[in-house]
> 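One structure is given below, represented as structure tokens, and several questions about it will come after.
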There are 2 protein chains.
Amino acid sequence: MADTRQRLIAAAAALLDQGGPAAVTLRDVGRAAGVSHNAPYRHFADKRSLLAAVAAAELARQGVNLGQADGSSDDVRAMMQGYVRWAQRYPERFHLTFGRWEGEDAGLGEAATAARTGFNRAVASAQARGELPAGDPERLASMILALAHGAADLGLGGHLSGPGKGGAGAEALVADLFDYLRAAAR
Amino acid sequence: MADTRQRLIAAAAALLDQGGPAAVTLRDVGRAAGVSHNAPYRHFADKRSLLAAVAAAELARQGVNLGQADGSSDDVRAMMQGYVRWAQRYPERFHLTFGRWEGEDAGLGEAATAARTGFNRAVASAQARGELPAGDPERLASMILALAHGAADLGLGGHLSGPGKGGAGAEALVADLFDYLRAAAR
DNA sequence: ACCTGAACACCGTTCAAGT
DNA sequence: ACCTGAACACCGTTCAAGT
């Protein structure tokens with residue numbers, strides 16, 4: 001049944017969370033899904049393809065968060081802080097999802113553009129309200145996303161002096177950016 | 001001789017550039033350095049420790065770039081665009097260097113803080129000139145670095161609509177941020 | 001102090017069968 | 001159409017020796 005495929009993806013995601021991509025062995029995935037160690041090859045071309053399915057599922061789940069907002073700059077900022085919290089809670093999924101994906105893996109590209117569309121619309125809406133600087137909405141959205149992404153990634157790597165050391169955490173850096181953008185919009 | 005250690009690091013860096021961390025097999029590293037496949041264990045505790053040495057060397061090399069500037073906002077921006085170009089040219093070293101490093105690996109932490117110090121000073125100097133918004137220099141430096149880092153990482157993953165698709169590349173996003181910051185400083 | 005060859009456990013992948 | 005057990009090549013790491 002196609003149920004096996006879903007169980008394989010769920011098992012892979014759980015192993016990924018626990019120990020990163022190296023811990024996602026096809027033997028453990030099979031064991032957790034109740035099948036043999038090479039049953040995954042009946043559903044996925046290889047290990048990389050299985051991980052791509054995990055990333056696509058995660059991206060679809062995350063895309064929902066980016067689509068629900070009225071479009072004030074507070075909404076846009078809340079989306080980005082939600083993005084940062086997601087990265088902090090599921091660091092391995094975060095790295096996997098935004099890693100390098102050559103070719104078209106399991107509709108990963110479509111899921112990514114779908115997730116971005118809602119966010120771009122929210123940014124455009126905040127611009128129309130005069131709460132964010134004018135200009136190409138997609139370009140401004142890219143810049144905002146880049147900051148949230150970079151802050152989350154540096155934070156996970158311990159490369160931000162950090163909230164513990166008296167420095168600014170990733171969420172605070174996102175808040176700072178929006179303060180600057182609102183100031184520049186005036 | 002201690003020369004072997006340097007050859008091992010150089011060989012590991014070359015293999016990393018070609019095929020990522022998975023391509024850095026101790027057998028190939030040894031072969032390229034002219035020693036047996038487990039000679040590396042006389043110089044490094046394990047594979048992870050060897051990669052940490054590669055990251056530390058790269059960080060030291062990159063730190064030089066961040067230390068040479070008069071401190072205008074143009075200098076700070078040029079540093080960040082240099083950072084982005086470095087990531088684009090050596091994507092594997094970029095990901096390795098800013099990945100997760102548990103514990104104190106081969107003085108990696110010291111190299112990182114040294115690299116940051118020069119950059120923080122340049123930011124503070126640009127603030128003193130009134131070219132960047134006032135406030136805690138280290139916090140502003142973190143925000144700027146987060147944007148450059150995120151833009152580079154998203155660009156490498158193909159998650160920026162990109163210069164090819166008509167969208168903004170990582171370097172352009174860095175330029176945009178500085179435009180906003182200069183506007184907010186007035 | 002530094003290096004080597006053999007060996008071990010583990011992993012991704014393939015193959016010949018099975019239902 | 002989906003699954004299994006055996007097998008292969010490869011890799012990180014350890015060990016007993018060698019100089």
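Since we're looking at a predicted model, the values are computed, not measured. Within every chain, numbering begins at 1; the chains are lettered A, B, ... in the order of the sequence lines, protein sequences first and strands thereafter.
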> Nearest whole Å is fine: how far is C:dC3 P from B:Asp3 CG?
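Result: 10 Å.
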> Quick check on contacts: within residues 15-33 of chain B, what sits under 4.0 Å from DNA chain C by heavy-atom distance?
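B:Arg27, in order of number.
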> Measure from CG on B:Leu50 to P on D:dC11 and round the result to the nearest Å.
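Roughly 15 Å, once rounded to whole Å.
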> Could you list the residues that satisfy side-chain contact (heavy atoms from CB on, under 4.5 Å) with A:Ala141, not counting sequence neighbours?
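With sequence neighbours excluded, A:Ala141 shows a side-chain contact (heavy atoms from CB on, under 4.5 Å) to A:Phe119, A:Asn120, A:Val123, given in chain and number order.
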> Which pairs count as ring pair (Phe, Tyr, Trp, His ring centres under 6.0 Å) when at least one residue sits in residues 136-158 of chain B, sequence neighbours excluded?
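Every pair satisfying ring pair (Phe, Tyr, Trp, His ring centres under 6.0 Å) with a residue in residues 136-158 of chain B: B:Phe94-B:His149, B:Phe98-B:His149.
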> Write down the distance separating the C1' atoms in C:dA17 and D:dC2, rounded off to the nearest Å.
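Their C1' atoms lie roughly 13 Å apart.
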> Which residue pairs pass the salt bridge (Lys or Arg N to Asp or Glu O under 4.0 Å) test when at least one of the two sits in residues 89-100 of chain B, sequence neighbours left out?
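Qualifying pairs, neighbours excluded: A:Glu92-B:Arg100, A:Arg100-B:Glu92, B:Asp17-B:Arg93, B:Glu58-B:Arg93.
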> Just to verify, what does B:Glu171 make a salt bridge (Lys or Arg N to Asp or Glu O under 4.0 Å) with, not counting sequence neighbours?
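Result, salt bridge (Lys or Arg N to Asp or Glu O under 4.0 Å) vs B:Glu171: B:Arg85.
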> Test of understanding: with salt bridge (Lys or Arg N to Asp or Glu O under 4.0 Å), list the residues that count as partners of A:Arg139, not counting sequence neighbours.
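Checked A:Arg139 against salt bridge (Lys or Arg N to Asp or Glu O under 4.0 Å); matches are B:Asp176.
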> For B:Ala148, enumerate each residue passing the side-chain contact (heavy atoms from CB on, under 4.5 Å) test, keeping only those at least two apart in sequence or located in another chain.
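B:Met80, B:Tyr83, B:Val84, B:Val174.
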> Is the phosphate of D:dG5, meaning OP1 or OP2, less than 4.0 Å from a side-chain N or O of A:Ser36?
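False: A:Ser36 side-chain N/O out of range (4.0 Å or more) of D:dG5 OP1/OP2.
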> Using modelled atom types only, decide if a donor and an acceptor are shared between the side chain of A:Trp101 and the backbone of A:Leu96 within a distance under 3.5 Å.
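Side chain of A:Trp101 to backbone of A:Leu96: a pair is present.
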> Could you list all the ring pair (Phe, Tyr, Trp, His ring centres under 6.0 Å) pairs where at least one residue sits in residues 6-32 of chain A, not counting sequence neighbours?
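Every candidate ring pair (Phe, Tyr, Trp, His ring centres under 6.0 Å) pair involving residues 6-32 of chain A fails, so no pair, neighbours aside, qualifies.
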> To the nearest Å, how far apart are B:Asp46 CG and D:dC11 C1'?
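Those two atoms, CG and C1', are 14 Å apart.
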> In whole Å, I'd like the distance from the CZ atom of B:Arg7 to the C1' atom of C:dC2.
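My rounded result for the distance is 13 Å.
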> Dump every N/O contact between nucleotides 14-19 of chain D and the protein below 3.5 Å, one line per pair.
residue	atom	partner	partner atom	Å
D:dT14	O4	B:Asn38	ND2	2.7

> Side chains of A:Ser36 and A:Asn38: donor-acceptor distance under 3.5 Å anywhere?
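A:Asn38 and A:Ser36 do have a side-chain donor-acceptor pair below 3.5 Å.
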> Note every stem involving DNA chain C: at least three consecutive Watson-Crick or G-U wobble pairs, i with j then i+1 with j-1, with both distances under 3.5 Å.
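Paired runs of 3+ in DNA chain C: C:4-8 with D:12-16, C:12-16 with D:4-8.
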> State which residues pass salt bridge (Lys or Arg N to Asp or Glu O under 4.0 Å) with B:Arg31; sequence neighbours excluded, sorted by chain then number.
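If we apply the salt bridge (Lys or Arg N to Asp or Glu O under 4.0 Å) test to B:Arg31, skipping adjacent residues, the hits are B:Asp28.
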> Suppose the criterion is salt bridge (Lys or Arg N to Asp or Glu O under 4.0 Å): which pairs have a residue in residues 116-132 of chain A, not counting sequence neighbours?
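Passing the test, one end in residues 116-132 of chain A: no pairs.
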> Would you say a side-chain N or O of A:Thr4 is under 4.0 Å from OP1 or OP2 of D:dC3?
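Checking A:Thr4 against D:dC3: at least one side-chain N or O falls below 4.0 Å of OP1 or OP2.
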> Taking CG from A:Leu8 and P from C:dG12, how many angstroms apart are they, rounded to a whole number?
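After rounding, the reported distance stands at 13 Å.
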> What interatomic distance, in whole Å, is found between C1' of C:dA9 and the corresponding atom of D:dC10?
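Looking at atom C1' only, D:dC10 and C:dA9 are 13 Å apart.
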